[in-house]
2 protein chains.
Amino acid sequence: MAEAKQEGITVRKSENFDEWYTQVILKSELADYSPVSGCIVFRPSGYAIWEAIQRETDKEFKKIGIQNTYFPIFIPERLLKKEQEHVKGFSPEVAWVTQAGDSKLEERLAIRPTSETLMYEVISRWVRSSRDLPLRLNQWNNVVRWEFRHPTPLLRSREFLWNEGHTVFATEGEAMAERDEILRIYKTITEEYLALPGLVGKKTDAEKFAGATASYSIEHLMPDGKAIQGPDFHSDGQNFAKAFEISFVDRNGQKQFAWQNTWAISTREIGVMLAIHSDDKGLIVPPRVALFQVVIVPIFDEEARERVLKQAEKLRARLEETTSVKLDDRDHLTPGRKFNEWELKGVPLRVEIGARDLAKRQVVLARRDNGKKRQVTMASAAREVARELKEIQENLYQRALSFLKEHTYTAETYEQLKSSLKNGGIVRAPWCLSPDCEAKVKEETGAKIVNLPMDQKGTKSRCVYCGREAGVIANFAKSY
Amino acid sequence: MAEAKQEGITVRKSENFDEWYTQVILKSELADYSPVSGCIVFRPSGYAIWEAIQRETDKEFKKIGIQNTYFPIFIPERLLKKEQEHVKGFSPEVAWVTQAGDSKLEERLAIRPTSETLMYEVISRWVRSSRDLPLRLNQWNNVVRWEFRHPTPLLRSREFLWNEGHTVFATEGEAMAERDEILRIYKTITEEYLALPGLVGKKTDAEKFAGATASYSIEHLMPDGKAIQGPDFHSDGQNFAKAFEISFVDRNGQKQFAWQNTWAISTREIGVMLAIHSDDKGLIVPPRVALFQVVIVPIFDEEARERVLKQAEKLRARLEETTSVKLDDRDHLTPGRKFNEWELKGVPLRVEIGARDLAKRQVVLARRDNGKKRQVTMASAAREVARELKEIQENLYQRALSFLKEHTYTAETYEQLKSSLKNGGIVRAPWCLSPDCEAKVKEETGAKIVNLPMDQKGTKSRCVYCGREAGVIANFAKSY
């Protein structure tokens, strides 16, 4: 039987994480490099994960009254400059269109790095009275941030896909109430679909979004011990409303500026998911976002071929009613090669069905997450497959949660902080809220405050850096 | 009762089509202008139509084995130039990125006007053996064509949304078989969802896609008598495969180039839908693609307010099980104003419920397509609403089909052709297949061959221009 050379992962996750990460992406066929440096191609199994994230997130958005829109990808330079902090944050990495056909454009057009400035210019025309509010808009689109640092596929790509929610309220209270709604949705998607635990918290002023008054994030912990920012939520206060004249006349005839929020989840999440769950055999995808949840691999010699394939096809049809299933009936590969290939590609559950199984009216289920195999009767196969998928989903989450817990430390002194940070992970330590202490820690340890936990109960401890009274507990970590 | 000034459509469709078209788009709040000339904003009711088109089309694509992907938006200049015909067709309207941050790029990057060149460069790495085929990929994305002609919202926008299907086959036969599958899907979506009839046919060589060996299209007839191209399908033959080295080794050890197709449906279809169905009161949206299929307008004085609203809410909850429904319970607008607003916005069916209706246990259904009103019992409301929506969907299609039939003429002589073309519409006339005759007709009448009907049965007539033996019947029309 002739088999094409197919290479598995050649390095260990624990020994060379960066190389392992790249190999898993490419060899699992999740994504590929493109001819444009820093931009990747989402292959079908990778894009299917994004479709699952989109579908489930969008469903939740719609339930709370968010409406989808689409705004142009171009932002005229003069608009990008309208909010000072914002343009300062983004202009170093803007890709500029300067020509169309043979003509030089009169004004440069930015490819959106994010759409605040363009959207708010338009929205300001739509808001006249408090009856026009709230306006809760979202778009699923592509954005470009021309990073000059070393790009990493999915984690730091020059073009990426995301949702950008942009909402406008008459009062600060309504705007603030949305924060919990959106963070809850992002938490559900990351935990229950991507099986990714995270630390929800508030960003420090130094780390907040360019133009926002407060930023919130879900931070994940990567296997290399560095934190990475997941979905985020920004309270814009009235900053953009003032720059773009988004205002209305209230009941007393007074002009009021609106209160705004923005929020996003991006394809970076796929990279985080891959990094956290996968292993030395390749990709592991949580069942709820996998293109194929189950692969059926028939095992036969020439004599049993027809019989086995017939049963395998029957089983496929039955499983397809409730799961996404692939029957691998290719003739030119041995079952062993198929096992390796689908393990590399991260399909959560393999069903093996052979001539001997037929005789015993059973099949074998093999889990991708822990490698465990067991026999189940043919009659119970659909039920058992559903149960295993549920358990795999849960196990992946619990495994990631354990890793996060095991690598979350507390420190009361600077020595403790420095020592804990050496091993990677999150270190919870008291902080006096001074930007100076935050900056010094970053300078001296390379770790920053990734966020401040939401449930601050007050602390009697003293700032881990300066020893003054501490205002809060902060999550310190080295980060992406 | 204070009411904000809200303006209806101020011109007649039959008298000033262009102005009417723009007013309907803007005043129905389907779309809006943006600060970038030629690019529009899809507002929620407009984007919802695109979501419906995407959802239904994508479902059909997946059924026949198409897989979704995402490729970068940028195409390096050297790649765009790899296929001669292709670059000639697109380069005059390419938007170029030349700078990132403060740096000048070493090579200009085209914003994709279509993705053949970028995708095929990558795909060539994926295809080694016939076992890698077929490869049937699709992406839903944004593209930019910097038209210098007068842009028209939705019909000719500089940025638009579409699907681009790109498929690769080992044999010409398989590639050709896909044509009918895809055209059938596009026909279903345009006819059964957008209620738009169309003429399916083959493009002439002069009108085919840049780089294709044959193009096929669905052509719609606009109310102003001009044809407009809807979804299309292109047989690329081996043109791109040769330029991009997409090849494999066959069973005899011979190198073979692959056979490729590309196909698309775009947001232009929303503009066509609007133009064909809407009327002097504003937008009309077919139920199957409408954001809201039904609006409930309660009618009450102060005394009956509570009672009526309670019943209206009950009805809303009931209808919501099977339809997409909006209850307009705003206090500051009269029912009459609400009627006008929802008619302007094109909601297919209005349900009126007032105090007197309550007493009689009935509601009133008012159709947007023909203005007819009828009373139905409260108990039968859900069933009757479903029936009306089905009839509205069908009526819109039949109305458009009648318009197309009434404006489709046949001509045997050049005089007949010219005379028929004066009134607008499609003229079916014999053609000898000579590009010269085609060019002369275009020059002298302003009409081109929009396509050649698929079901050519052979004709004994003579070419409408030169009088030689005719090879085919062609659809002539002035067009967008």
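Numbered from 1 within each chain, the chains take letters A, B, ... in sequence-line order.
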Fit a plane to each ring of A:Tyr47 and B:Tyr70, take the angle between them on a 0 to 90° scale, and name the class: parallel (under 30°), tilted (30 to 60°) or perpendicular (over 60°). parallel
Reference residue B:Trp50; test ring-ring contact (aromatic ring centres under 6.0 Å, His included); the match among B:Phe160, B:Trp140, B:Trp162: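 Filter result, single survivor: B:Trp140.
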Under 3.5 Å, is there a donor-acceptor pair between the side chain of [X] and the main chain of [Y]?
X: A:Asn163; Y: A:Ile265; result: yes
X: A:Ser124; Y: A:Glu121; result: yes
X: A:Asp132; Y: A:Ser129; result: yes
X: B:His166; Y: B:Leu137; result: no

As an exercise: rank [options] by heavy-atom pairs under 4.5 Å with chain B and give me the winner.
options: A:Phe42, A:Phe90, A:Tyr33; result: A:Phe42
options: A:Pro76, A:Ala48, A:Pro72; result: A:Pro72
options: A:Leu161, A:Leu109, A:Thr267; result: A:Leu161
options: A:Ser91, A:Ala31, A:Pro44; result: A:Pro44

Is [X] in contact with chain B via its backbone, its side chain, both, or neither, using a 4.5 Å heavy-atom distance?
X: A:Phe148; value: side chain
X: A:Leu79; value: side chain
X: A:Glu51; value: side chain
X: A:Ile40; value: backbone

Pick one of side chain, backbone, both or neither for [X], based on which atoms fall under 4.5 Å of a heavy atom in chain A.
X: B:Lys104; result: neither
X: B:Thr98; result: both
X: B:Arg78; result: side chain
X: B:Pro92; result: backbone
X: B:Arg128; result: neither
X: B:Gln99; result: both
X: B:Arg330; result: neither
X: B:Glu29; result: neither
X: B:Ser157; result: neither

Answer yes when [X] and [Y] have at least one side-chain N-carboxylate O distance shorter than 4.0 Å, and no when they do not.
X: A:Arg337; Y: A:Glu341; value: no
X: A:Glu147; Y: A:Arg149; value: yes
X: B:Glu321; Y: B:Arg316; value: no

Looking at OG of A:Ser266 and CG of A:Asn142, how far apart are the two atoms once the value is rounded to the nearest 0.5 Å?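 One finds 12.5 Å between OG of A:Ser266 and CG of A:Asn142.
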Could you have a look at [options] and say which one has the most heavy-atom pairs with chain A under 4.5 angstrom?
options: B:Ile111, B:Val36, B:Leu291, B:Asn138; answer: B:Val36
options: B:Leu118, B:Ile73, B:Asp102; answer: B:Ile73
options: B:Gln67, B:Arg158, B:Gln139, B:Glu107; answer: B:Gln67
options: B:Glu93, B:Arg125, B:Met119, B:Arg108; answer: B:Arg125

Taking atom types as modelled, is there a side-chain donor on A:Ser115 or A:Glu164 under 3.5 Å from an acceptor on the other?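 Their side chains do contain a donor-acceptor pair, which is all the 3.5 Å distance test asks for.
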Could you check, using the six-membered ring where one of them is a Trp, whether A:Phe74 and A:Trp96 have ring centers closer than 6.0 angstrom?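 Not under 6.0 Å, so no.
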Is the number of heavy atoms from other residues, nucleotides or ligands within 6.0 Å of NZ (B:Lys82) greater than 12?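 More than 12 within 6.0 Å, yes.
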